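Everything below concerns the one structure shown next.
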Amino acid sequence: MSKKTVQVYNRPAGGWGALKSVAQQILQQGIPAKGARTLLSANQPDGFDCPGCAWPDADHTSTFEFCENGAKAIAAESTARRATPALIAQHTVQWLTQQSDHWLEGQGRLTEPMRYDRASDRYQAIGWDEAFALIAARLNALPTPDDAIFYTSGRTSNEAAFLYQLFVREFGTNNFPDCSNMCHEPSGYAMREAIGVGKGTVQLADFQLADALFIFGQNPGTNHPRMLGELRGAAKRGAAIVSFNPLRERGLEKFQNPQSGGEMLTGGSTAISSDYFQPKIGGDLAAVKGMIKCVLEADAAAQAGGRARIVDVAFIAAHTANVDAFTADVLAEPWDVIVREAGLTRAEIQRAADIYMGAGKVIACWGMGITQHRHSVATIRMIVNLLLLRGNIGRPGAGPCPVRGHSNVQGDRTMGIYEKPKASFLDRLGEVFDFAPPRADGYDTVGAIGAMLAEPGKVFFAMGGNFAAATPDTAVTERALRQCALTVHVATKLNRSHLVCGDDALVLPCLGRTEIDQQAGGAQAVSVEDSMSMVHLSSGINAPSSASLLSEPMIVARLAAATLRGRSKTDWMWLVADYDRIRDKIAAVFVDFAGFNERVKTPGGFHLRNTAAEREWATDTGKANFFAYPVPTDLPIHLARSGRATPVFNLTTIRSHDQYNTTIYGLNDRYRGVFGERRVLFIHPDDIAELGLLAGAWVDLESLCDDQARRQAKRFMLVAYNIPRGCVAAYFPETNPLVPLSSFADFARTPTSKSIPIVLAAHAAGAAP
Ligand SMILES: Nc1nc2c(c(=O)[nH]1)N[C@H]1C(S)=C(S)[C@@H](COP(=O)(O)OP(=O)(O)OC[C@H]3O[C@@H](n4cnc5c(=O)[nH]c(N)nc54)[C@H](O)[C@@H]3O)O[C@H]1N2
Ligand SMILES: Nc1nc2c(c(=O)[nH]1)N[C@H]1C(S)=C(S)[C@@H](COP(=O)(O)OP(=O)(O)OC[C@H]3O[C@@H](n4cnc5c(=O)[nH]c(N)nc54)[C@H](O)[C@@H]3O)O[C@H]1N2
Ligand SMILES: [Mo]
């Protein structure tokens, strides 16, 4: 373990530090030669899709696009380490529970299916046939199909996701909680009613045309490193890049391109953000509404002075609805409320608005800093309002760009992994596969936890992910999972969820993206959809980590065959023998996938149609809708602060540079200058002083929620950081015990993991973490 230190990181993001960090990972995983070969195949036309993130590639045909964190994800999957049943059975689950997430991950790839043995408190190897028979028996013994819950994480391919949703619907339920429920759910929800599609409208080429890029609540240097390439290009040609982030993030300030020989040798770098605004946590709605107010004021002045209008009058008239009610609401919002709640000065908001008004074409990107709040849907609609005012949707170089997380999270939704499916989709699915799909909405993530809590005896099945660690209210969620009759996890690596067992528990190991997927019909490719709706193929190149691994589509097919037997008219084993057959069925169900097999085989794949990008508005009004929202002043943080003398902080939970969600690669967060420790709390130096503490002191965190339950996370080290006063940040999943299950976004129900009211207390030395 490296030494704990906190340092100021003055160098640009990327550069030699990134190359060094990758070399270390490849050595740690014991794969010097295989690692290098595997990296060279990432995002190549005939290689695999990088499992790192959902950022697209330039035509998917460029030579290797270097990305430090993609490389870490690939190295982690291609590791030489093996978590065999023999190795895991050396320990009780009780003992394994005491180990860190980093340790669990470090045991390497799972090799055989395993079943939990309660008598010895150990996992033991089990055969695949036995495993499927056990799951089938438990599923078929449930009082109703709605007592089964099927989670999906976002690495699952289109083919696996399509088969999975078909199996689950033939079984009889729409209970599909997924990682999206904790992630970009508000983006989809907000945009569907505003512009008629739940996805971003821009493509990679638009980044080369935009005059200004606004980046709200996103940390691309760590989470979408390949996006820095686009930002660097935009910055170099003089586009304005405006960041809104309470924390100063290195990757948004400066970038040294590891692929630019010149920058690497001279130590040069490209400044990324032209302007960097640091609103309060959750202050973005107020900030954007303030910008809109500036635009409307400037427009009124232009009109009065007989100058050219600032807003796009023709676009608004032809393409939008509700503009009058919306502008009236904005004009009525008092500046003092806007300024107070944004945590920015009026001059800063004016400056941001001036950049917006001065730019012909504008793209707005956003990430988790926007979606994981009570008011996330309203904030996203406010960003869309801002774009609509100057016609910045549906033309080149402009548009909304929610930057997705998991590499195929968008594709999984397209394939029907959704708890509230549209009737028209169910109709078509039922027609193609000759069955009657269930019609009632299913559980989302928060709903699923509530249901498992309320009623013991359910079956919980997870296609990937780490449900127990990724979800809020850890203690509550773990209790919910332990009450299940059966928990099943399809996974590549051991993780915390596998240790939170129902009465019966199984772990089923699967192939990863980088591995060759051999079926009866030969080696198979799968397809994925990136954050900009490009669908393309992915084929593994490495031999599987273990001869016993099954592909995710095969796991679904065998499970369906075992569970549904005579009830299904689908020939599951025939379908899965050749994934072209699955793609033909996908094409039969979704119009946009007509000719799927031919189209996806062209290098780079194909782009799915996006109606809003063509200014066709599939909304209830047939137009793009403006939405009015007040600046909220009754959020959990306001309520927690009112009437309290002691300071209440607003906690945002973020990712370090050395993690992939709940997968912890290492203990460093290079760009934020933290080394060897994850239990840190970023806080303003004046707040540290006001607490009467020193940087480096250890504190306990307790969240405040009106349900009176005590939620604590202990022993975090104070790190003085450039962050607004009253705001603090710490890593997830360590902080998930603090997020109340009952605290989620309006409409979209995303846990509010970016705004948790907490109080701090000095940590008593010697107390358990
Ligand atoms: N290496 C790596 N890559 C990843 C992931 C990973 O864990 N590791 N995760 C993947 C997934 S699933 C996702 S969804 C994405 C996540 O990628 P991001 O969206 O970048 O995720 P976060 O790190 O959670 O937080 C983003 C930023 O929001 C800021 N922020 C926090 N609160 C606020 C706020 O109230 N307002 C504003 N304006 N900003 C705020 C934080 O300071 C942080 O810089 O990345 C994907 N890619
Ligand atoms: N407090 C707080 N909580 C959060 C967030 C936050 O910002 N703050 N972010 C939320 C977000 S944006 C998300 S997306 C969720 C993530 O939630 P999840 O998607 O559930 O979690 P991951 O950590 O991405 O899942 C990692 C596990 O996936 C398995 N895995 C990896 N590759 C594969 C594969 O190819 N197939 C299969 N079957 N399994 C595989 C491995 O076993 C690994 O342990 O967490 C959410 N939780
Ligand atoms: Mo995510």
Side-chain angles (χ1 to χ4, degrees), residues 101 179 181-186 216-219 222-223 245-247 249 279-284 366-376 379 405 445-446 449 465-477 496 635-637 640 648-664 667 669 671-672 674 677-684 699-705 711-719 721 723-724 726-745 749-760 769:
D101 294 334
C179 67
N181 295 146
M182 298 179 267
C183 185
H184 267 294
E185 189 73 61
F216 296 97
Q218 202 212 330
N219 185 19
T222 287
N223 298 319
N245 198 313
L247 276 77
E249 300 285 25
K280 291 201 293 202
I281 289 169
D284 303 86
W366 67 89
M368 295 301 102
I370 294 300
T371 63
Q372 297 173 332
H373 299 280
R374 173 73 57 87
H375 54 304
S376 53
T379 306
T445 293
V446 167
I449 299 168
N466 188 355
F467 192 84
T471 50
D473 236 344
T474 313
V476 173
T477 299
R496 192 141 308 270
L635 297 171
I637 187 66
V648 177
F649 293 89
N650 207 0
L651 169 70
T652 188
T653 61
I654 55 177
R655 291 155 169 80
S656 83
H657 195 64
D658 264 1
Q659 75 183 80
Y660 192 91
N661 297 339
T662 66
T663 300
I664 311 303
L667 303 179
D669 193 4
Y671 298 155
R672 298 194 187 104
V674 174
E677 180 59 62
R678 283 184 52 86
R679 298 187 81 88
V680 295
L681 188 75
F682 298 100
I683 180 170
H684 193 285
V699 294
D700 295 337
L701 320 181
E702 177 162 355
S703 60
L704 305 174
C705 174
R711 295 183 181 82
Q712 290 176 299
K714 296 199 166 171
R715 215 183 62 89
F716 286 76
M717 188 175 82
L718 296 179
V719 171
Y721 204 79
I723 182 172
C727 298
V728 289
Y731 307 130
F732 100 99
E734 286 82 348
T735 44
N736 280 29
L738 298 170
V739 187
L741 185 62
S742 59
S743 179
F744 46 75
R749 294 167 51 87
T750 303
T752 58
S753 40
K754 289 284 189 285
S755 48
I756 312 156
I758 63 163
V759 290
L760 312 182

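The chain is numbered in sequence order, starting from 1. Given the structure is predicted, the values throughout are model-derived calculations rather than measurements.
Judged by distance alone, the side chain of Asp669 and the main-chain N or O of Ser656 form no donor-acceptor pair under 3.5 Å. Without hydrogens or angle criteria, Asn736 side chain to Thr471 main chain gives a donor-acceptor distance under 3.5 Å. With hydrogens and angles ignored, the 3.5 Å screen pairs a side-chain donor or acceptor of His375 with a backbone N or O of Gly282.
Note that CD of Glu702 is 9.0 Å distant from NZ of Lys714, once rounded to the nearest 0.5 Å. Residue Leu704 holds its CG atom at 8.0 Å from CD1 of Ile637, rounded to the nearest 0.5 Å. Of the inter-residue distances, the one linking Ile756 atom CD1 with Leu701 atom CG reads 9.5 Å to the nearest 0.5 angstrom. To the nearest 0.5 Å, the span separating CG on Leu667 from CG on Asp658 amounts to 7.5 Å. To the nearest 0.5 Å, atom CD1 of residue Ile654 and atom OG1 of residue Thr735 are 9.0 Å apart. To the nearest 0.5 Å, atoms NZ (Lys754) and CE (Met368) are separated by 7.0 Å.
Scanning for side chain to side chain contact (heavy atoms under 4.5 Å, CB included) contacts around Asn661 gives His406, Arg655, Phe732, with sequence neighbours left out. Residues satisfying the side chain to side chain contact (heavy atoms under 4.5 Å, CB included) test with Pro186, not counting sequence neighbours, are Thr371, Ser376, Val377, Ile380, Ala748, Thr750. The side-chain hydrogen bond (donor to acceptor under 3.5 Å, both in side chains) search around Thr652 returns none, not counting sequence neighbours. Listed by chain and number, the residues in a side chain to side chain contact (heavy atoms under 4.5 Å, CB included) with Thr222 are Asn69, Asn219, His657, Tyr671 (sequence neighbours excluded). Looking at residues two or more places apart in sequence or on another chain, you find no ring pair (Phe, Tyr, Trp, His ring centres under 6.0 Å) involving Phe649. The side-chain hydrogen bond (donor to acceptor under 3.5 Å, both in side chains) test applied to Thr663 returns no partner, not counting sequence neighbours. Listed by chain and residue number, nothing satisfies the side-chain hydrogen bond (donor to acceptor under 3.5 Å, both in side chains) test with Thr474 (two or more places apart in sequence, or in another chain). Under the side-chain hydrogen bond (donor to acceptor under 3.5 Å, both in side chains) criterion, Thr445 pairs with Asn181, not counting sequence neighbours. With sequence neighbours left out, Arg678 forms a salt bridge (Lys or Arg N to Asp or Glu O under 4.0 Å) with Glu734. Under the side chain to side chain contact (heavy atoms under 4.5 Å, CB included) criterion, Ser753 pairs with Gln372, Thr653, Val739, not counting sequence neighbours. Here Arg496 pairs with Asp101 under the salt bridge (Lys or Arg N to Asp or Glu O under 4.0 Å) rule; sequence neighbours left out.
Among all heavy-atom pairs drawn from Cys705 and Arg711, the shortest one is CB-NH1, 3.7 Å. In this structure, Pro279 and Asn245 approach most closely via the heavy-atom pair CD-N, 3.6 Å. Between Ile281 and His373, the shortest heavy-atom contact is CG2-CE1, 3.9 Å. Nearest heavy-atom pair, Ala730 versus Val680, reported as atom, atom and distance to 0.1 Å: CB-O, 3.4 Å. Residues Tyr660 and Gly405 share a closest heavy-atom pair of OH-O, 3.9 Å. Taking both residues in full, the closest heavy atoms of Tyr731 and Glu677 are given as CE1-O, 4.3 Å, listed atom of the first, atom of the second, then distance.
A heavy-atom distance below 4.5 Å is found between the side chains of Ile664 and Pro733. Contact annotation: the side chain of Arg672 approaches that of Leu247 to within less than 4.5 Å [non-hydrogen atoms, C-beta and beyond]. Annotation: side chain of Ser743 is in contact with side chain of Arg374 (closest heavy-atom distance under 4.5 Å).
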Exercise. Before giving the answer on side-chain contact (heavy atoms from CB on, under 4.5 Å), spell out for Leu760 and Phe716 the whole-Å C-alpha distance, their side-chain angles and the decisive distance to 0.1 Å.
Key: CA-CA 10 Å; Leu760 312 182; Phe716 286 76; over 6 Å; no
